[in-house]
Participant: 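The structure is given below, and queries will be raised subsequently.
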Amino acid sequence: MPHKSWTADKAWWIVFFAPSAAEFVTPILRQHFSLPENGSAKSSTCIAAIGPTTSIFLKETLKLRVDVLSPKPSAEALTEAIKAFDQPES
């Protein structure tokens with residue numbers, strides 16, 4: 001369960017940068033967050049991946065929904081992709 005000061009009206013982003021890191025940290029994250037699974041609706045916890053290999057690992061091995069795949073391995077590209085995802089639909 002998320003920390004009591006966190007609110008459900010804000011999206012919390014978890015960014016994975018490598019399959020090995022994802023495999024190590026996901027069991028710990030599952031103790032504190034309700035991680036979105038493949039096919040689930042948008043939720044207060046969102047997942048971003050840096051790189052297609054990491055994205056595939058998250059989806060196929062860990063069965064997680066990937067909300068954003070950064071088009072480039074840079075902070076700027078990741079930030080822009082997350083901002084685009086978070087924009088309200090018009």
Side-chain angles (χ1 to χ4, degrees):
M1 170 165 264
H3 188 275
K4 64 182 176 181
S5 66
W6 297 349
T7 60
D9 62 335
K10 290 184 178 183
W12 289 93
W13 283 92
I14 299 172
V15 178
F16 292 97
F17 58 89
S20 59
E23 187 171 34
F24 177 78
V25 77
T26 298
I28 298 165
L29 290 172
R30 288 186 194 276
Q31 295 175 12
H32 302 282
F33 294 91
S34 176
L35 299 181
E37 296 181 358
N38 284 331
S40 64
K42 187 175 177 181
S43 64
S44 61
T45 303
C46 298
I47 294 180
I50 298 177
T53 301
T54 302
S55 179
I56 291 167
F57 181 83
L58 293 172
K59 292 174 184 177
E60 293 181 3
T61 304
L62 299 180
K63 308 299 185 207
L64 295 175
R65 185 192 71 227
V66 176
D67 299 296
V68 167
L69 171 58
S70 181
K72 295 180 182 177
S74 70
E76 294 82 11
L78 174 64
T79 301
E80 288 303 315
I82 289 173
K83 282 172 50 177
F85 181 87
D86 280 343
Q87 292 298 317
E89 294 180 24
S90 32

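Only heavy atoms go into these numbers, but all of them, side chains included; no hydrogens, no water, no symmetry mates. Numbers here are sequence positions counted from 1.
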Participant: When you group the ILVMFWY residues by side-chain heavy-atom contacts below 4.5 Å and let the links chain together, are Leu29 and Leu58 in the same group?
Facilitator: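 In one cluster with Leu58: Leu29, yes.
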
Participant: Quick one, Phe16 with Thr26, criterion side-chain contact (heavy atoms from CB on, under 4.5 Å). Give me CA distance, side-chain angles, the key distance, then yes/no.
Facilitator: CA-CA 10 Å; Phe16 292 97; Thr26 298; 3.6 Å; yes

Participant: Do Val15 and Phe85 sit in one hydrophobic cluster, given that two such residues count as connected whenever their side-chain heavy atoms are within less than 4.5 Å of each other, even indirectly?
Facilitator: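 Cluster IDs for Val15 and Phe85 match.
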
Participant: Could you tell me whether a side-chain N or O of Asp67 sits under 3.5 Å from a main-chain N or O of Ala48, the two making a donor and an acceptor?
Facilitator: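 Flag not set: sc Asp67 to bb Ala48 has no pair under 3.5 Å.
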
Participant: Locate the shortest heavy-atom distance separating Ala49 from Thr54; write the atom from each residue and the value.
Facilitator: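 That would be CB-CG2, 4.2 Å.
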
Participant: Between Thr53 and Pro19, is there a side-chain heavy-atom distance shorter than 4.5 Å?
Facilitator: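 SC-SC contact between Pro19 and Thr53 confirmed.
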
Participant: Determine the minimum heavy-atom distance between Leu69 and Ser55, stating which atoms define it.
Facilitator: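 That would be CD1-CB, 4.0 Å.
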
Participant: Given the rule that I, L, V, M, F, W and Y join up when any side-chain heavy atoms are under 4.5 Å apart, are Val25 and Leu62 in one cluster?
Facilitator: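 Same cluster.
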
Participant: With Thr61, which residues qualify under side chain to side chain contact (heavy atoms under 4.5 Å, CB included), at least two apart?
Facilitator: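 Result, side chain to side chain contact (heavy atoms under 4.5 Å, CB included) vs Thr61: Phe57.
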
Participant: Of all residues at least two apart in sequence or in a different chain, which pass the salt bridge (Lys or Arg N to Asp or Glu O under 4.0 Å) check with Glu37?
Facilitator: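 With neighbours one apart ignored, the set is empty.
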
Participant: Do Ile47 and Lys59 pass the side-chain contact (heavy atoms from CB on, under 4.5 Å) test, and can you show the C-alpha distance, the side-chain angles, and the key distance before you say yes or no?
Facilitator: CA-CA 11 Å; Ile47 294 180; Lys59 292 174 184 177; over 6 Å; no

Participant: For the backbone of Ser40 and the side chain of Arg65, can you confirm whether one donor and one acceptor N or O come within less than 3.5 Å of each other?
Facilitator: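 The answer is yes, because a donor-acceptor pair under 3.5 Å joins these two groups.
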
Participant: Mind checking side chain to side chain contact (heavy atoms under 4.5 Å, CB included) for Ser70 and listing every partner two or more places apart, or none if nothing turns up?
Facilitator: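 Partners of Ser70 by the side chain to side chain contact (heavy atoms under 4.5 Å, CB included) criterion, ordered by chain and then number, come out as Ile50, Ala77, Leu78.
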
